[in-house]
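Every heavy atom of this structure was used, including side-chain atoms; hydrogens, water molecules and symmetry mates were not. Residue indices begin at 1 and follow the sequence shown.
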Amino acid sequence: MTAASKRVEIFTDGACRGNPGPGGWGVLLRYGGRERTLHGAERHTTNNRMELRAAIEGLAALKEPCQVTLTTDSEYVRQGITKWLAGWKARGWRTASKAPVKNQDLWHQLDAEAARHQVTWCWVKGHTGHRENELADAMANRGIDELED
């Protein structure tokens, strides 16, 4: 099996206690019937930054190029990477209203990580009992819990 034919599923979520406030990110990776979770946190951040960080960390965990289905409950992440990013780049990292793009540092990182893979971006409504999304959410909250211990 070649690297490009490896199919991986990634489920991501971010959480924040206060916005801004302490935040966490969580990832569930699935490949070949096996699952692995990742999580982390930052002391002072926003929910959107944690949603982005989760996607970045999930993609960065892959050691070689893969066909990835990345599922997030963040329309900000999905719309940003699939619809808004090209325009931001064309406008010198400005929005359509000419304001600087928020979270540019993370958008640059996500763009670079995504470029290594063939990514299909999917959205799922959060907090609706979707098993993988609930696991990613639990990992994001675990990150915050460990930060606050």
Side-chain angles (χ1 to χ4, degrees), residues 3-4 6-30 36-148:
K6 286 187 176 177
R7 295 180 186 272
V8 177
E9 292 176 281
I10 301 176
F11 301 87
T12 66
D13 200 16
C16 225
R17 296 191 185 146
N19 198 21
W25 55 267
V27 176
L28 172 67
L29 295 153
R30 183 185 295 145
R36 176 179 165 211
T37 59
L38 307 169
H39 65 280
E42 294 180 18
R43 293 201 179 282
H44 187 76
T45 190
T46 66
N47 190 63
N48 282 343
R49 288 186 69 79
M50 291 297 91
E51 295 283 1
L52 285 162
R53 176 60 62 202
I56 292 163
E57 296 295 339
L59 291 168
L62 304 176
K63 303 299 182 206
E64 58 192 79
C66 298
Q67 291 182 26
V68 178
T69 300
L70 191 147
T71 301
T72 176
D73 64 5
S74 171
E75 282 285 30
Y76 175 68
V77 170
R78 190 176 69 89
Q79 296 282 352
I81 197 75
T82 63
K83 294 187 178 178
W84 306 331
L85 188 66
W88 292 339
K89 287 178 173 181
R91 290 187 294 273
W93 289 92
R94 299 273 176 185
T95 65
S97 62
K98 309 225 185 315
V101 172
K102 292 180 181 177
N103 304 312
Q104 267 186 62
D105 58 331
L106 296 179
W107 284 113
H108 283 285
Q109 290 177 42
L110 183 57
D111 188 31
E113 289 297 338
R116 297 176 43 231
H117 308 283
Q118 292 178 299
V119 184
T120 300
W121 298 89
C122 300
W123 178 82
V124 63
K125 185 172 181 172
H127 310 288
T128 58
H130 183 279
R131 177 189 173 272
E132 292 84 358
N133 179 254
E134 297 292 339
L135 280 168
D137 178 67
M139 290 296 98
N141 279 289
R142 178 192 241 177
I144 301 171
D145 291 342
E146 290 176 2
L147 182 70
E148 293 179 341

Open item on the list: Between Asn141 and Arg17, is the side-chain contact (heavy atoms from CB on, under 4.5 Å) condition met? List the steps.
Closed with: CA-CA 9 Å; Asn141 279 289; Arg17 296 191 185 146; 3.2 Å; yes
Task: His117 and Leu62: CA distance, side-chain angles, deciding distance, side-chain contact (heavy atoms from CB on, under 4.5 Å) verdict - done: CA-CA 9 Å; His117 308 283; Leu62 304 176; 3.6 Å; yes
TODO: Calculate, to the nearest 0.5 Å, the distance between atoms CG and CD belonging to Leu38 and Glu57 respectively.
DONE: 8.0 Å
Open item on the list: On a heavy-atom basis, which atom in Ala41 and which in Trp25 lie closest, and how many Å separate them?
Closed with: N-NE1, 3.9 Å
- [ ] Return the orientation label for the Trp107 and Trp88 ring planes: parallel under 30°, perpendicular over 60°, tilted otherwise.
- [x] perpendicular
TODO: Could you tell me whether the side chain of Trp93 reaches within less than 4.5 Å of the side chain of Val101, counting heavy atoms only?
DONE: yes
Task: Nearest heavy-atom neighbours spanning Glu113 and Ala60 - done: OE1-CA, 3.4 Å
Task: Neighbour count >12 (heavy atoms, 6.0 Å) for atom CZ, Arg43 - done: no
- [ ] Report the residue from Thr82, Val8, Leu110, Val68 that forms a side chain to side chain contact (heavy atoms under 4.5 Å, CB included) with Val119.
- [x] Val68
Open item on the list: Side chains of Leu106 and Arg53, heavy atoms from C-beta outward: is any pair under 4.5 Å?
Closed with: yes
Open item on the list: Ignoring hydrogens, what is the shortest heavy-atom contact between Ala15 and Ile144? Give both atom names and the distance.
Closed with: O-CD1, 3.7 Å
TODO: State whether the side chain of Glu134 and the backbone N or O of Gly129 hold a donor-acceptor pair below 3.5 Å, judged by distance alone.
DONE: yes
Open item on the list: With heavy-atom distances below 4.5 Å as the criterion, would you say the side chains of Lys98 and Arg91 are in contact?
Closed with: no
TODO: May I ask you to decide whether Glu75 forms a salt bridge with Arg78, counting only side-chain N to carboxylate O separations under 4.0 Å?
DONE: yes
TODO: Of all the heavy-atom pairs spanning Arg116 and Lys63, show the shortest one and how long it is.
DONE: NH2-C, 4.1 Å
Task: Side-chain H-bond candidate by donor/acceptor type, Ser74 with Thr72, under 3.5 Å - done: no
TODO: Locate the shortest heavy-atom distance separating Pro20 from Thr46; write the atom from each residue and the value.
DONE: CB-CG2, 4.2 Å
- [ ] Would you name the heavy atoms of Gly26 and Ala54 that are closest together and state the gap between them?
- [x] O-CB, 3.7 Å
TODO: Mind checking the CZ-CD spacing from Arg49 to Glu42? Nearest 0.5 Å is all I need.
DONE: 6.5 Å
Task: Distance (rounded to the nearest 0.5 Å) between Leu52 CG and Thr12 OG1 - done: 9.5 Å
Open item on the list: How long is the straight-line distance from CG of Leu70 back to CH2 of Trp123, given to the nearest 0.5 Å?
Closed with: 15.0 Å
Open item on the list: Tell me whether the count of non-hydrogen atoms from other residues, nucleotides or ligands lying under 6.0 Å of CZ in Arg131 goes above 12.
Closed with: yes
Open item on the list: Rounded at 0.5 Å granularity, tell me how far CD in Glu132 sits from CG in Asp137.
Closed with: 13.0 Å
Task: Residue of the set Asn47, Asp73, Thr71, Val124 for which side chain to side chain contact (heavy atoms under 4.5 Å, CB included) holds with Asp13 - done: Asp73
TODO: Would you check if Cys66 and Gln118 make a side-chain contact, meaning some heavy-atom pair closer than 4.5 Å?
DONE: no
Open item on the list: Hydrogens and angles aside, do Tyr76 and Asn103 bring a side-chain donor and acceptor to less than 3.5 Å of each other?
Closed with: yes
Open item on the list: Nearest 0.5 angstrom please: Leu29 CG to Leu59 CG, how far?
Closed with: 9.0 Å
